[in-house]
S.K.: 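Got a structure for you, questions after.
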Amino acid sequence: MRSFLLLLILFVAQACTTGGEDGGGGFGSFLPLIIIMALLWLVLLRPQQRRAKNRREMLTKLEVGDEVLMSSGVYGRIASFDEQTVLVDIADNVRVKVTRDSIAERITYHEWEDESD
């Protein structure tokens with residue numbers, strides 16, 4: 001996909017530098033730039049914004065007892081939380097305090113509990 005975008009940018013840049021027989025200029029010279037910006041928005045920015053929105057929604061919907069994976073790779077279960085921090089149980093009698101942003105995703109993962117048996 002990135003190679004396609006690179007080829008498209010090179011093609012549009014070539015079209016802009018060669019110009020037309022009438023000397024180019026006007027709106028026609030900005031059209032390739034507008035097309036590139038629109039494609040970049042569709043391919044790169046829009047999916048990134050969607051992922052960020054989904055992550056914000058996930059963080060606001062967290063509840064006590066949810067199993068989570070932290071960005072450090074540690075699995076745990078939420079014991080309690082306030083506005084910015086979360087207390088996460090990661091083992092028997094082991095509770096860590098982390099920021100809410102350090103939670104990567106909510107999961108259903110029971111294997112980490114079975115290891116303590």
Side-chain angles (χ1 to χ4, degrees):
M1 187 60 152
R2 290 182 185 204
S3 60
F4 171 74
L5 284 176
L6 180 62
L7 287 173
L8 181 65
I9 290 170
L10 291 174
F11 175 74
V12 172
Q14 178 67 26
C16 289
T17 57
T18 57
E21 292 182 12
D22 61 350
F27 179 74
S29 64
F30 286 111
L31 187 60
L33 183 62
I34 293 170
I35 291 171
I36 289 174
M37 297 301 274
L39 285 173
L40 286 175
W41 180 77
L42 282 173
V43 173
L44 298 175
L45 297 178
R46 191 163 184 251
Q48 182 180 1
Q49 290 171 347
R50 186 178 302 132
R51 282 190 300 269
K53 179 184 174 190
N54 290 342
R55 188 169 190 293
R56 280 192 308 269
E57 288 177 4
M58 181 271 303
L59 289 175
T60 59
K61 292 179 181 179
L62 288 175
E63 297 176 354
V64 173
D66 285 345
E67 294 176 346
V68 294
L69 171 64
M70 293 180 280
S71 58
S72 61
V74 177
Y75 293 94
R77 177 174 282 132
I78 295 177
S80 66
F81 57 88
D82 58 20
E83 198 64 31
Q84 295 298 320
T85 59
V86 180
L87 290 175
V88 179
D89 291 330
I90 58 173
D92 291 338
N93 299 319
V94 179
R95 186 172 283 179
V96 293
K97 185 176 185 179
V98 297
T99 62
R100 190 180 283 247
D101 288 334
S102 66
I103 295 176
E105 61 183 292
R106 184 186 323 172
I107 57 165
T108 304
Y109 185 76
H110 298 286
E111 193 172 307
W112 66 277
E113 291 177 339
D114 295 337
E115 293 175 2
S116 63
D117 292 337

S.K.: For residues Phe81 and Val64, report the shortest heavy-atom separation together with the two atoms involved.
M.R.: CE2-N, 3.7 Å
S.K.: Hey, what do you get for CD1 (Ile35) to CG (Leu33), rounding to the nearest 0.5 Å?
M.R.: 9.5 Å
S.K.: Can you tell me how far CD1 of Ile34 sits from CG of Leu39, rounded to the nearest 0.5 angstrom?
M.R.: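 CD1 of Ile34 is found 12.0 Å from CG of Leu39.
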S.K.: More than 12 foreign heavy atoms under 6.0 Å from CD of Glu57: is that the case here?
M.R.: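 Buried by this count: over 12 neighbours within 6.0 Å.
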S.K.: Hey, what do you get for CD1 (Ile90) to OH (Tyr75), rounding to the nearest 0.5 Å?
M.R.: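 Between Ile90 CD1 and Tyr75 OH, I get 13.5 Å after rounding to 0.5 Å.
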S.K.: Going by the salt bridge (charged side-chain N to carboxylate O under 4.0 Å, His left out) test, which pairs reach into residues 34-55, not counting sequence neighbours?
M.R.: none
S.K.: Roughly how far, to the nearest 0.5 Å, is CD of Glu67 from CD1 of Ile78?
M.R.: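 So the CD1 of Ile78 and the CD of Glu67 are separated by 10.0 Å.
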S.K.: Are Val86 and Met70 grouped together when hydrophobic residues (ILVMFWY) are joined by side-chain heavy atoms under 4.5 angstrom apart?
M.R.: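 In one cluster with Val86: Met70, yes.
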S.K.: Throw together a table of side-chain donor-acceptor distances under 3.5 angstrom for residues 94-107, partners on residues two or more places apart or in other chains.
M.R.:
from   : atom 1 : to     : atom 2 : distance (Å)
Arg95  : NE     : Asp89  : OD1    : 2.7
Arg95  : NH2    : Asp89  : OD1    : 3.3
Arg95  : NH2    : Asp89  : OD2    : 3.4
Thr99  : OG1    : Ser102 : N      : 3.4
Arg100 : NE     : Glu83  : O      : 3.4
Arg100 : NH1    : Leu59  : O      : 2.7
Arg100 : NH2    : Asp82  : O      : 2.9
Ser102 : OG     : Thr99  : O      : 2.7
Arg106 : NH2    : Lys61  : O      : 3.1

S.K.: Check whether Val43 and Leu40 end up in the same hydrophobic cluster, where Ile, Leu, Val, Met, Phe, Trp and Tyr are linked by side-chain heavy atoms less than 4.5 Å apart.
M.R.: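 Val43 clusters together with Leu40.
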